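In each ligand, atom 1 is the first atom listed, and ligand 1 is the first ligand listed. These values consider heavy atoms only, across backbone and side chains, with no hydrogens, waters or symmetry-generated copies. Note that the structure is predicted; figures quoted are calculated from it, not measured.
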Amino acid sequence: FNIVVLISGNGSNLQAIIDAIENKTLEGVSISAVISNKSEAFGLKRAEKHNIATRVFSLQKYLKDDASRNRNDYGIELAKIIREYNPKLIVLAGWMIILPASFLVEFEKNQPIIDVINLHPALPGQFAGAHAIERAYESFQKGEIDHTGLMVHKVIEEIDAGQVILTANVDIKKEDTLSDLEERMHSVEHTTLVNAIKLLSTQQ
Ligand code: GRF
């Protein structure tokens, strides 16, 4: 059950998948490639350390190189790169580009349909989009929520809105700083993302 992981930054969730494969929590799962839109993403170094193929495909550079190109063209090109690895599952782990419909169609229309899943650090229906942890923290300070959470969901055109595969609550304590909450969130993410991949790999 080979997967391709898309990242844009630190890659601590990618690291959690790598570790779970190494310590046999994720059996029968392999990472065929790690793709980043940022050449400086630290997650690329994490992959290289484990001899996992890495690719950089920058949206900015792609558009700058030819003004006639648009985000849909990027989506189709990105899908082509991913197809080279023939994955069973595509995992967005800290991937910061909204994927155009042209990308999703590539994996929905062709057989076998390949799931694209995303990890979002908020509960279903809450804080869709960027800076979700910070927005939850502020909402807690205003007394609007008493906890937050995260979800692993199928990627559809609407942002952070597809069918939920796994979700988990994350406590917020009144003495928490934002980084306390971020740290707690990331540790729950690592476990939940691995469990979601495990679930999907056993369903196939
Ligand atoms: C995670 O909080 C993830 O949910 C969000 O971006 C962060 C990525 O963290 N999409 P990392 O790059 O996996 O450390």
Checklist entry - Who's closest to atom 4 (O) of ligand 1 heavy-atom-wise, of Met185, Glu189, His120, His186? => result Glu189
Checklist entry - Looking at Arg184 and Asp180, does any basic side-chain N land under 4.0 Å from a carboxylate oxygen? => result no
Checklist entry - Tell me, which protein residue and heavy-atom name are nearest atom 6 (O) of ligand 1, and how many Å apart are they? => result Met96 CE, 3.4 Å
Checklist entry - Is the closest basic N to carboxylate O distance between Lys24 and Glu27 below 4.0 Å? => result no
Checklist entry - For Glu22 and His50, does a side-chain donor sit closer than 3.5 Å to a side-chain acceptor? => result yes
Next on the checklist: Are any of the N/O atoms on Trp95, whether in the backbone or the side chain, positioned under 3.5 angstrom from an N/O atom of ligand 1?
Outcome noted: no
Next on the checklist: Strictly below 4.0 Å, N to O, side chains only: are Asp115 and Lys154 in salt-bridge contact?
Outcome noted: yes
Next on the checklist: Using heavy atoms and a 4.0 Å limit, tell me yes or no: is Gly43 in contact with ligand 1?
Outcome noted: no
Checklist entry - For Leu119, is the nearest heavy atom under 4.0 Å from an atom of ligand 1? => result yes
Checklist entry - Among protein heavy atoms, which lies nearest atom 9 (O) of ligand 1, and at what distance? => result Asn13 ND2, 3.6 Å
Checklist entry - For ligand 1, which atoms, with element, lie under 4.0 Å from some heavy atom of Gly94? => result 6 (O), 8 (C), 10 (N)
Next on the checklist: Below the 3.5 angstrom mark, is there an N/O of Gly11, backbone or side chain, next to an N/O of ligand 1?
Outcome noted: yes
Checklist entry - Can the ring centroids of Phe57 and Tyr74 be said to lie less than 6.0 angstrom from one another? => result yes
